[in-house]
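Notes follow the structure.
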Amino acid sequence: MRHEGEQLVQRRAGVTADRLGSAGVRAAIPTVAAEFLSRQRMLVIAAAADDGTVWAGLLTGPEGFTTAPDPRTVVANLSPGDGDPLAGCFDTERDIGMLAIDPAGRRRMRVNGRARKDGDRLLVHTEQVYANCPKYIQTRTVTEEDPPTATTTAHTTRTLDADQLRWIGAADTFFVATHAAGLGTDVSHRGGNPGFVTVTGDRRLTWPDYVGNSMYMTLGNLELDARCGLLFVDWERGHTLHLTGRARVDWSPERAAAVPGAQRLVDFDVEQVVQVTGATRLRWSFGSYSRFNPARKDS
């Protein structure tokens with residue numbers, strides 16, 4: 001599939017190789033990818049809501065809660081729950097971005113396609129399936145699981161409060177959801193040492209775009225539609241922080257030069273915040289930072 005946004009970004013970044021990005025991605029799920037999916041306990045998903053806002057959400061469950069019964073279908077045996085901004089979105093079929101990630105093994109794969117609810121399940125018809133490299137993934141291992149009686153509550157605001165600002169400022173991982181009309185939805189991982197996401201006031205975040213796979217599927221979507229969503233996970237307590245807003249890529253080499261490892265910077269303006277307490281029963285313990293993480297200038 002030709003993606004004008006990806007091609008524009010690739011040309012600007014000096015990438016000349018053919019068939020990078022959406023154009024080189026297949027729709028079928030390889031056997032090894034199906035096996036990987038069946039072992040995962042967390043999925044990050046993304047979609048554009050009816051009002052055009054773009055969100056990233058979290059699904060977690062036991063091994064086997066996600067399967068690929070045939071080469072073009074993924075089934076998750078649950079759907080976005082109470083409080084998740086994507087709850088109810090898939091009552092009607094729409095584009096979905098999906099990231100299956102194994103922090104312990106630093107492995108991840110992306111699945112983009114069309115999805116709808118079927119009872120309590122989420123059915124995905126795949127259009128793009130591909131693996132990503134292990135760069136910038138911090139290792140984490142599932143250590144425990146809260147009892148099913150744990151309660152879930154959600155709080156929605158327009159700005160970030162002091163605790164949320166500290167959460168983001170200390171984060172080493174987040175996920176970014178993007179969408180381009182007619183070209184689909186995507187969700188990808190971003191990682192770095194704590195502090196790699198900087199906060200300016202209660203409505204502006206900035207993060208560096210490091211060396212990646214040159215596919216530019218996230219930046220390509222942003223080239224066509226600035227609306228996007230971010231997801232931060234509280235790995236120790238099971239809470240989630242969902243942000244939606246608009247992002248702009250700053251290609252200024254002078255500004256990027258001030259941030260170690262940055263090829264460019266992305267500025268994100270917050271429009272809505274949803275914090276979900278008790279979003280997942282899983283808890284993760286930290287292992288180690290990725291050796292690819294650039295050091296902070298003040299470290």
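Throughout, residue positions are numbered sequentially from 1 according to the sequence presented.
- The structure places CZ of Arg291 at 9.0 Å from NZ of Lys135, a figure rounded to the nearest 0.5 Å.
- Evaluation of the salt bridge (Lys or Arg N to Asp or Glu O under 4.0 Å) test over residues 172-184, restricted to residues two or more places apart or in two chains, returns Arg140-Asp172.
- Residues that satisfy the side-chain contact (heavy atoms from CB on, under 4.5 Å) test with Glu254, not counting sequence neighbours, are Ser252.
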**Request:** Starting from the C-alpha separation in whole Å, work towards a yes-or-no answer on salt bridge (Lys or Arg N to Asp or Glu O under 4.0 Å) for Arg283 and Glu144.
**Result:** CA-CA 5 Å; Arg283 303 290 182 270; Glu144 59 181 298; 5.6 Å; no
**From CA spacing to verdict: side-chain contact (heavy atoms from CB on, under 4.5 Å), Met215, Asp186** = CA-CA 12 Å; Met215 295 176 77; Asp186 182 74; over 6 Å; no
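- In plain terms, the two heavy atoms of Val129 and Ala28 that are nearest each other are CB-O, 3.7 Å.
- Under 4.0 Å is where a charged nitrogen must lie from a carboxylate oxygen, and between Arg246 and Asp269 no such pair does.
- In this structure, Met109 is a member of the same hydrophobic cluster as Met98, with clusters built from ILVMFWY side-chain heavy atoms closer than 4.5 Å.
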Tell me which donor-acceptor pairs under 3.5 Å the side chains of residues 40-54 have, and how far apart each pair is, sequence neighbours excluded?
residue	atom	partner	partner atom	Å
Gln40	NE2	Phe36	O	2.8
Arg41	NE	Gly61	O	3.0
Arg41	NH2	Glu145	OE1	3.0
Asp50	OD1	Arg94	NH1	3.2
Asp50	OD1	Arg94	NH2	2.8
Asp51	OD1	Thr53	N	3.0
Asp51	OD1	Thr53	OG1	2.6
Thr53	OG1	Trp55	NE1	3.0

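- Within 6.0 Å of CG in Asp120 there are 12 or fewer heavy atoms belonging to other residues, nucleotides or ligands.
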**Worked check of side-chain contact (heavy atoms from CB on, under 4.5 Å) between Val25 and Arg110** = CA-CA 10 Å; Val25 174; Arg110 282 151 80 173; over 6 Å; no
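- Between Glu271 atom CD and Arg203 atom CZ the span is 7.5 Å, to the nearest 0.5 Å.
- In terms of hydrophobic clustering, with Ile, Leu, Val, Met, Phe, Trp and Tyr side chains grouped at heavy-atom distances under 4.5 Å, Leu222 and Leu243 are assigned to a common cluster.
- In this structure, the separation between NE2 on His189 and CD1 on Ile137 is 5.0 Å, given to the nearest 0.5 Å.
- The two residues Ala180 and His3 make their nearest non-hydrogen contact at CB-NE2, 4.4 Å.
- A 4.5 Å side-chain heavy-atom check between Leu99 and Ser188 finds every atom pair outside the cut-off.
- Contact record, Pro294 with Gly261: CG-CA, 3.8 Å, taken as the closest heavy-atom pair.
- The two residues Gly192 and Tyr210 come nearest to each other via the heavy atoms CA-CE1, 4.4 Å.
- Side-chain contacts under 4.5 Å among hydrophobic residues (ILVMFWY), followed directly or transitively, place Leu8 with no other residue at all.
- Within the 4.5 Å cutoff, the side chain of Asp209 has no heavy atoms near those of the Val249 side chain.
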**Message:** salt bridge (Lys or Arg N to Asp or Glu O under 4.0 Å) for Arg108 and Asp102? Distances and angles first, verdict last.
**Reply:** CA-CA 6 Å; Arg108 52 182 162 161; Asp102 169 24; over 6 Å; no
**Item:** Residues Leu205, Leu230; criterion side-chain contact (heavy atoms from CB on, under 4.5 Å); working and verdict
**Value:** CA-CA 10 Å; Leu205 311 179; Leu230 309 185; 3.8 Å; yes
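- Contacts of Tyr216 classified as ring pair (Phe, Tyr, Trp, His ring centres under 6.0 Å), with partners at least two apart in sequence or in another chain: none.
- With hydrophobic clusters built from ILVMFWY side chains whose heavy atoms lie under 4.5 angstrom apart, Ile168 shares a cluster with Val270.
- With rounding to the nearest 0.5 angstrom, the CD atom of Gln164 is 7.0 Å from the NE2 atom of His155.
- Sorted by first and then second residue, the ring pair (Phe, Tyr, Trp, His ring centres under 6.0 Å) pairs with a member in residues 252-277 form an empty list; sequence neighbours excluded.
- Considering only residues two or more places apart in sequence or on other chains, Phe292 meets the ring pair (Phe, Tyr, Trp, His ring centres under 6.0 Å) condition with none of them.
- Among pairs with a residue in residues 219-230, those fulfilling salt bridge (Lys or Arg N to Asp or Glu O under 4.0 Å) read Asp225-Arg227, at least two apart in sequence or across chains.
- The side chain to side chain contact (heavy atoms under 4.5 Å, CB included) with Ile96 is formed by just one residue from the set Thr126, Thr185, Leu122, Leu86; it is Leu122.
- With a 4.5 Å cut-off on side-chain heavy atoms, Trp167 and Val199 do not count as touching.
- To the nearest 0.5 angstrom, Thr157 atom OG1 is 9.0 Å from Asp202 atom CG.
- Taking 4.5 Å as the limit, every side-chain heavy atom of Leu231 sits out of range of all side-chain heavy atoms of Val187.
- What you find for Gly184 and Asp95 is that their closest heavy atoms are CA-OD2, 3.5 Å.
- Between Arg264 and Asp250 there is no salt bridge, since no side-chain nitrogen of the basic residue lies less than 4.0 Å from a carboxylate oxygen of the acidic one.
- Using a 4.5 Å cut-off between side-chain heavy atoms of Ile, Leu, Val, Met, Phe, Trp and Tyr, Phe286 falls into a hydrophobic cluster with Tyr289.
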**Item:** Candidate pair Gln128 and Met217, rule side-chain contact (heavy atoms from CB on, under 4.5 Å), full reasoning
**Value:** CA-CA 11 Å; Gln128 298 173 335; Met217 298 179 83; 3.5 Å; yes
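- Within the 4.5 Å cutoff, side-chain heavy atoms of Val74 are placed close to those of Thr66.
- Closest heavy-atom contact between Asn112 and Tyr130: ND2-OH, 4.1 Å.
- Here Ser214 contributes atom OG and Gln10 contributes atom CD; the two are 7.5 Å apart, rounded to the nearest 0.5 Å.
- Hydrophobic cluster membership differs between Leu59 and Ile101, with clusters built from Ile, Leu, Val, Met, Phe, Trp and Tyr side chains linked at under 4.5 angstrom.
- Phe65 and Leu37 fall within a single hydrophobic cluster, where Ile, Leu, Val, Met, Phe, Trp and Tyr side chains are chained together by heavy-atom contacts under 4.5 Å.
- A ring pair (Phe, Tyr, Trp, His ring centres under 6.0 Å) check over residues 221-260, counting only residues at least two apart or in different chains, returns the pairs Phe174-Phe232, Trp235-Trp284.
- Using modelled atom types, one finds a donor on one side chain and an acceptor on the other under 3.5 Å when comparing Thr139 with Ser288.
- No side-chain donor-acceptor contact under 3.5 Å links Glu6 to the backbone of Glu4.
- Annotation: side chain of Thr218 is in contact with side chain of Arg190 (closest heavy-atom distance under 4.5 Å).
- By the side-chain contact (heavy atoms from CB on, under 4.5 Å) test, Asp118 pairs with Arg116, Arg121, Leu123, sequence neighbours left out.
- Residues Val75 and Pro69 form a side-chain contact, since some pair of their non-hydrogen atoms from C-beta on lies under 4.5 Å apart.
- In terms of the side-chain contact (heavy atoms from CB on, under 4.5 Å) criterion, residue partners of Thr198 (sequence neighbours excluded) are, by chain and number, Thr206.
- Using a 4.5 Å cut-off on side-chain heavy atoms (C-beta onward), Asn293 and Gln138 make contact.
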